[in-house]
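Remember, it's a predicted structure, so these values are computed and weren't measured experimentally. Numbers here simply count residues along the sequence, with the first being 1. Each ligand, and each atom within it, is numbered from 1 in the order the structure gives. Just the heavy atoms: all of them, side chains too, but no hydrogens, waters or symmetry mates, feed the values below.
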Amino acid sequence: MYDIIIIGSGAGGATMAYRLADTGKKILIIERGDYVPIEKENWDSVEVFEKNRYTTNDLWLDKHGKPFRPGMHYNVGGNTKFYGAALFRLREEDFREIQHYGGVSPAWPIQYKDLQNYYLEAEKLFHVHGKRGSDPTEPFDSEPYPNPPLPHEPRIQEIVDELTDYGLHPFELPIGVNFTPHTTANAPYILDRFDGFPDASERKGDAHLCALAKALEYPNVELMVNTKVLKLNTDASGTKISEVVVEQNGETKTLSSELVILSAGAINSAAILLESKSEQFPNGLANTSDQVGRNYMFHQNTALVALYTEPNPTKFGKTFGINDFYHANRDYKFPLGHIQMLGKSDPHQIKADSPVAAPGFTFELMAEHAVDFWLTSEDLPDPENRVTVEDGQIKISYSENNQKGHEFLKSELIKALKASGKFETFLFKGFYFSKGMDVASPAHQNGTTKMGLNPATSVVDTNCKAHDLQNLYIVDGGFFVSSGAVNPALTIIAMALRVGDHLKNEVLTS
Ligand SMILES: Cc1cc2nc3c(=O)[nH]c(=O)nc-3n(C[C@H](O)[C@H](O)[C@H](O)COP(=O)(O)OP(=O)(O)OC[C@H]3O[C@@H](n4cnc5c(N)ncnc54)[C@H](O)[C@@H]3O)c2cc1C
């Protein structure tokens, strides 16, 4: 019997473990994957992207019932082992109702001020580097970022200067990097690939290194790997989780705990709840509202590769972002979204995404000149965009929305790049290509167990407690009411710290 079981060791689960570790409670973290090995393939784009070395082999179904292999990472540290570590606060306005081209982004039942101190703590915990105030849309904080911004490499600085001359306000990208070596790895320090790659030098601020490793220093905290949670059962009253059913080495086991924190990620947490059907709960647990799995969002995301005349010898290009189009402005009635730099692409990545077939040396040349951008626009919550489970298989029924703003955002970026004059000369003639992320790329998944005051229309309350159950908290990307247009992980981490404080101060007091 445990005091607390945490399901999942990603941004939400690892941070919950970190926050609760010093309570002395007997805590078990259940993780379906294993540790990501430190190996030379970590930075090999053929292994990572062509052979999908680190993503699950599970097949999911799309809305037509067509199977696909999702870009999901099941391992200690969850998707943060593979994330870009761009760690943003939601904007103050994101918590309020906002009209978009594609519809309304609803208001949250909490406000920015409810998370502000936790955002600051999250930035410290995940070693965020940035420059407070350089982003015109960034919400207020009196304290600076815990670490100075990462410097732009020379080619990136040139692009920043060109965009500034054009009238935009590029800002220092807030990014989680721990320059102090971890005890677990003394690999030489190379700040290189982040997006989609695990970081062999362990400098990337991920949930495993920043939060979980600290929690595991406590003797009362235990991690169980390669153990998949299948379902949750309640006691006879139907108001408390009494059993966590797991599969380990092909065997089914039952564990129990006073308190259960579900942090399996927005899609898997919904799937576990939907699979936890019983005679008493034919629609699964925490689901009297019929909202579990609904309102699935994962942002409108596009990777855009611009081929300049100049070569781009940058090693680590993830140092600036652009938020000039985040809110409605005089040119646009409604918000467009956010732009940030991606890690520098290599010939294999260019070949995989290029719209043109060409001999290998062409991709080498293209990669030498490529500058990589990531564009994100808000995805609006739609109850018909949903996660369901069919015969044990996850199905993602999703139809795009709010595309118009995203298209405007793309064309604004191209206009800005072309204005430099250097993007229009003989070699590539202003050539760029882009790839929108589809349902198989659920990196920014959120919204499936939404937060709300009304149990009839939401799944969790403002402390992430399931309305229907006394001892179940759901702390991962699921609680988002709207997606905003910045990356989600810092909000999940900040919320975990906040929920952890609530549990410590209000629930675990005896
Ligand atoms: C390539 C990539 C780049 C990204 N870049 C950024 C970025 O730059 N900035 C940013 O903010 N966000 C980024 N993200 C998104 C970010 O990683 C996620 O928002 C964040 O990790 C979500 O946290 P979570 O706790 O909800 O879920 P996760 O981190 O996914 O953790 C869920 C954990 O639960 C485990 N689990 C799932 N099902 C079960 C089960 N049945 N039993 C037991 N364990 C289970 C999983 O294995 C996993 O460890 C990126 C994601 C990807 C994939």
Side-chain angles (χ1 to χ4, degrees), residues 5-16 29-36 48-49 54-56 58 70-90 122 126 128 173-176 193-198 204-208 211-212 223-232 244-248 261-273 275-276 298-299 301 303 318 321 340-343 374 376 394 437 441-449 474-480 483-484 486-496:
I5 284 182
I6 300 173
I7 302 166
S9 66
T15 310
M16 287 303 304
I29 304 140
I30 305 177
E31 169 53 55
R32 71 185 281 177
D34 208 333
Y35 284 94
V36 178
V48 172
F49 291 115
Y54 302 109
T55 52
T56 178
D58 285 1
M72 288 291 293
H73 305 88
Y74 296 143
N75 46 259
V76 174
N79 279 297
T80 68
K81 274 320 250 191
F82 295 85
Y83 77 166
L87 290 170
F88 277 94
R89 301 176 181 208
L90 281 172
F126 279 66
V128 181
L173 194 66
I175 189 141
R193 343 201 97 191
F194 266 26
D195 312 280
F197 297 91
K204 178 158 75 179
D206 66 41
H208 161 218
L212 186 71
L223 172 67
M224 200 180 262
V225 297
N226 296 316
T227 305
K228 181 181 174 186
V229 171
L230 301 177
K231 65 180 294 205
L232 309 174
V244 177
V245 183
V246 303
E247 185 183 76
Q248 194 182 50
I261 297 165
L262 183 54
S263 299
I267 293 174
N268 278 291
S269 285
I272 291 169
L273 293 170
E275 283 289 81
S276 301
F298 69 112
H299 282 149
N301 283 318
K318 287 179 71 75
Q340 66 184 246
M341 298 303 289
L342 273 176
W374 179 254
T376 300
I394 289 177
M437 299 298 132
S441 302
H444 289 187
Q445 59 188 272
N446 67 89
T448 53
T449 53
I474 309 171
V475 190
D476 54 26
F479 62 75
F480 280 59
S483 66
V486 287
N487 317 53
L490 196 77
T491 299
I492 299 169
I493 296 160
M495 185 64 80

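- Ligand 1 places these atoms under 4.0 Å from at least one heavy atom of F82: 1 (C), 2 (C), 3 (C).
- Ranking the protein heavy atoms by distance from atom 47 (O) of ligand 1 puts E31 OE2, 2.6 Å first.
- With rounding to the nearest 0.5 Å, the separation of CG in L342 from CZ in F194 is 13.0 Å.
- Residue contact annotation: T15 has no non-hydrogen atom under 4.0 Å from ligand 1.
- Looking at G477 next to ligand 1, an N or O pair under 3.5 Å apart turns up.
- The protein atom (non-hydrogen) at minimum distance from atom 31 (O) of ligand 1 is G10 CA, 3.3 Å.
- Any N or O atom pair closer than 3.5 Å counts here, and D476 shares no such pair with ligand 1.
- Listed by atom number, the atoms of ligand 1 under 4.0 Å from T80 heavy atoms are 17 (O), 21 (O).
- Atoms of ligand 1 lying under 4.0 Å from any heavy atom of N75, numbered from 1 in the order shown and given with element: 47 (O), 49 (O).
- Taking distance alone, with nitrogen or oxygen atoms compared against 3.5 Å, G13 stays at or beyond that limit from ligand 1.
- Considering both main-chain and side-chain atoms, L87 never comes within under 3.5 Å of ligand 1 through any nitrogen or oxygen pair.
- Inclusion of G77 in the set of residues having an N or O under 3.5 Å from an N or O of ligand 1 is not warranted.
- For Q445 and N79, the side-chain atoms include no donor-acceptor pair closer than 3.5 Å.
- Under the 3.5 Å distance criterion, with hydrogens and angles disregarded, no donor-acceptor pair is assigned to the side chains of N487 and Y83.
- The only member of T227, L230, I7 that meets side chain to side chain contact (heavy atoms under 4.5 Å, CB included) when paired with V246 is T227.
- A distance of 10.5 Å separates CZ of R32 from CG of N226, quoted to the nearest 0.5 Å.
- Using modelled atom types and a 3.5 Å distance limit, the side chains of D476 and S263 yield no donor-acceptor pair.
- Residue-to-ligand polar distances keep G71 apart from ligand 1: every N/O pair is separated by 3.5 Å or more.
- Closest heavy-atom approach to atom 29 (O) of ligand 1 within the set N79, D195, T56: this belongs to N79.
- Checking only distances, V475 never comes within under 3.5 Å of ligand 1, N or O to N or O.
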